[in-house]
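A note on names: the letters A, B, ... follow the listed sequences, proteins ahead of strands, and every chain is numbered from 1.
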There are 2 protein chains.
Amino acid sequence: MENNNLGSSDRLLLAAINLISERGYNGVTTQEIATAAGLSEKTLFRHFGSKQKLLESAFDRYHYAEEMRKLFKEKLVWELEEDLLTVSRTYHEIMNRNRKLIQISTRDEVQLPGFKERTQQHPLQLLEILTNYFIAMGEKGKMIRTDPKMQAFTFMMSQFGAFVNNLEAGKNYPDIALEPFMHESVKIFARALTP
Amino acid sequence: MENNNLGSSDRLLLAAINLISERGYNGVTTQEIATAAGLSEKTLFRHFGSKQKLLESAFDRYHYAEEMRKLFKEKLVWELEEDLLTVSRTYHEIMNRNRKLIQISTRDEVQLPGFKERTQQHPLQLLEILTNYFIAMGEKGKMIRTDPKMQAFTFMMSQFGAFVNNLEAGKNYPDIALEPFMHESVKIFARALTP
DNA sequence: AATGTCTGTCAGTGATTACTGACATCATAA
DNA sequence: TTATGATGTCAGTAATCACTGACAGACATT
């Protein structure tokens with residue numbers, strides 16, 4: 001964890017994210033965070049005033065909030081299997097970039113109100129986009145027309161479930177990798193939803 | 001939270017599970033747990049000796065560890081859509097019964113080693129059962145024969161994702177309920193996997 | 001009546017922890 | 001050189017918290 005080329009604030013923020021995502025807000029001391037950042041506890045408080053504000057700053061600074069909307073506009077080609085793969089890839093990219101903050105926001109949601117809403121926005125956005133995409137595909141005759149919202153939700157849940165189990169870490173399901181999962185899950189849904 | 005007809009130990013265990021699942025192990029004091037149980041802090045320590053042992057006892061006492069294996073043996077009828085619905089129902093029943101303990105074990109896994117393995121056994125069992133079921137169905141000619149393990153895993157992930165989002169609580173996705181989700185997700189996979 | 005069991009109250013201890021103030025050090029810029 | 005800003009050290013405070021011992025009351029069993 002040698003981030004010596006970064007500024008002190010960023011070193012503290014990253015150390016905080018790493019430690020708190022692993023052991024929880026109440027499971028980490030300001031002393032530990034400062035030491036992990038290679039700085040003194042005093043410096044931590046000079047920069048952020050309180051432990052709470054330190055974590056809030058970490059969210060403001062390191063939460064990637066780009067809209068999924070934009071990412072899809074230019075990428076979708078109205079070919080179901082290809083597009084589902086794009087959706088899956090983009091989803092896992094964004095979610096994995098935010099993994100540690102998402103973990104913190106779910107674990108410590110009671111103590112850190114408002115954080116969960118911010119990380120929950122990505123799934124909600126995706127659900128909306130995907131539902132609209134399914135409706136449009138149905139109108140084009142390229143998809144069965146039954147329950148687009150629930151279909152989108154089911155696809156999302158499969159991706160979300162895989163994300164939560166952190167296939168890349170390989171701890172929960174050692175012999176299942178992310179890339180093959182994305183392909184197989186996309187294939188399944190494409191086959192199920194094609195007329 | 002009036003469990004006055006229960007013994008003191010059980011009142012304490014249930015109060016501990018409720019509070020810790022909401023606010024985390026380090027976010028709850030022994031004082032709070034005792035008060036929630038309608039007892040004094042002293043009584044808590046007389047019964048369990050330490051906070052740690054209190055939680056461990058809660059797991060031993062309230063973790064429903066029945067094997068999915070048994071539940072399926074008598075229920076499956078080798079009809080894909082019907083069986084997938086049975087699997088989904090059974091899965092959510094068991095997982096929801098264990099929801100609070102599962103939440104504790106994932107949130108506080110670092111501080112409570114060994115707990116996660118115990119709650120993770122249900123999904124692992126289900127994956128194995130479902131994979132074998134898919135293989136057998138393939139041999140009967142009732143399912144496409146491609147990648148049974150990954151197909152089982154994808155189905156499981158969709159159920160797991162829905163479980164994590166606690167549809168019954170209706171907080172994350174207010175307009176999506178568990179029952180319709182189970183039916184739609186099962187329909188999707190049945191259509192995708194039928195020859 | 002006597003005994004044992006369960007519980008509460010009270011008053012504490014020792015450890016941890018977020019957070020502070022005073023002062024020193026050191027590099028860089030003016 | 002001097003001033004400035006960022007940092008470290010040290011010693012400390014006030015609060016919290018897991019946990020304890022001593023004593024007493026309530027209740028059931030014998």
Requested in this report: Please list, chain by chain and in numerical order, all residues satisfying salt bridge (charged side-chain N to carboxylate O under 4.0 Å, His left out) with A/R191, sequence neighbours excluded.
Outcome: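 Once residues adjacent in sequence are excluded, A/R191 has no partner under the salt bridge (charged side-chain N to carboxylate O under 4.0 Å, His left out) criterion.
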For the pair made of [atom1] in [X] and [atom2] in [N], what is the distance, rounded to whole Å?
X     : N      : atom1 : atom2 : result
A/N26 : C/dT17 : CG    : C1'   : 11 Å
B/L12 : C/dC6  : CG    : P     : 14 Å
B/L6  : C/dT7  : CG    : P     : 13 Å
A/L44 : D/dT9  : CG    : P     : 15 Å
A/L39 : C/dC19 : CG    : C1'   : 17 Å
A/F45 : D/dT13 : CZ    : P     : 17 Å
B/Q31 : D/dT20 : CD    : P     : 15 Å

Query raised in the report: Do any of residues 47-60 of chain B sit with a heavy atom less than 4.0 Å from DNA chain C, and if so which?
Result: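 Here the set is B/H47.
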Report task. Would you mind telling me which residue lines up with the more 5' stretch of DNA chain C, A/Y25 or A/K42, judged by nearest nucleotide? Result ->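 Its nearest nucleotide being more 5', the pick is A/Y25.
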Query - B/A16 to B/L54 - nearest heavy-atom pair and separation - result: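 Closest approach of B/A16 to B/L54: CB-CD2, 3.9 Å.
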Query raised in the report: Taking the side chain of A/E41 as its heavy atoms from C-beta onward, which of D/dG8, C/dC19, D/dC19 lies nearest to it?
Result: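 That would be C/dC19.
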Report task. Indicate, yes or no, whether a donor-acceptor pair under 3.5 Å links the base of D/dG5 to the side chain of A/R46. Result ->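 Side chain to base: no pair below 3.5 Å.
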Query raised in the report: Within a strict 4.5 Å, meaning less than it, do heavy atoms of the A/L44 and A/L39 side chains meet?
Result: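 With C-beta onward as the side chain, the pair stays apart.
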Query raised in the report: Side chains of A/Y64 and A/I94: does their closest heavy-atom pair fall under 4.5 Å?
Result: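 The answer is no; the side chains never approach within 4.5 Å.
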Under-4.0 Å side-chain N/O to phosphate OP1/OP2 contact, [X] with [N]:
X     : N      : value
B/T30 : D/dA18 : yes
B/T29 : D/dC17 : no
A/S8  : D/dA6  : no
A/T43 : D/dG8  : yes

For residues 133-144 of chain B, tabulate all N or O donor-acceptor pairs below 3.5 Å that involve a side-chain atom, not counting sequence neighbours.
residue: B/Y133; atom: OH; partner: B/D83; partner atom: OD2; Å: 2.5
residue: B/K142; atom: NZ; partner: B/W78; partner atom: O; Å: 2.8

Report task. Spell out, as yes or no, whether a donor-acceptor pair under 3.5 Å connects the side chain of B/S88 to the backbone of B/L84. Result ->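 Not at all, since once roles are kept as given, no pair shorter than 3.5 Å links the two residues.
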Query raised in the report: Do the side chain of A/D147 and the main chain of A/M150 share a donor and acceptor less than 3.5 angstrom apart?
Result: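 Yes, A/D147 side chain to A/M150 backbone: donor-acceptor pair under 3.5 Å.
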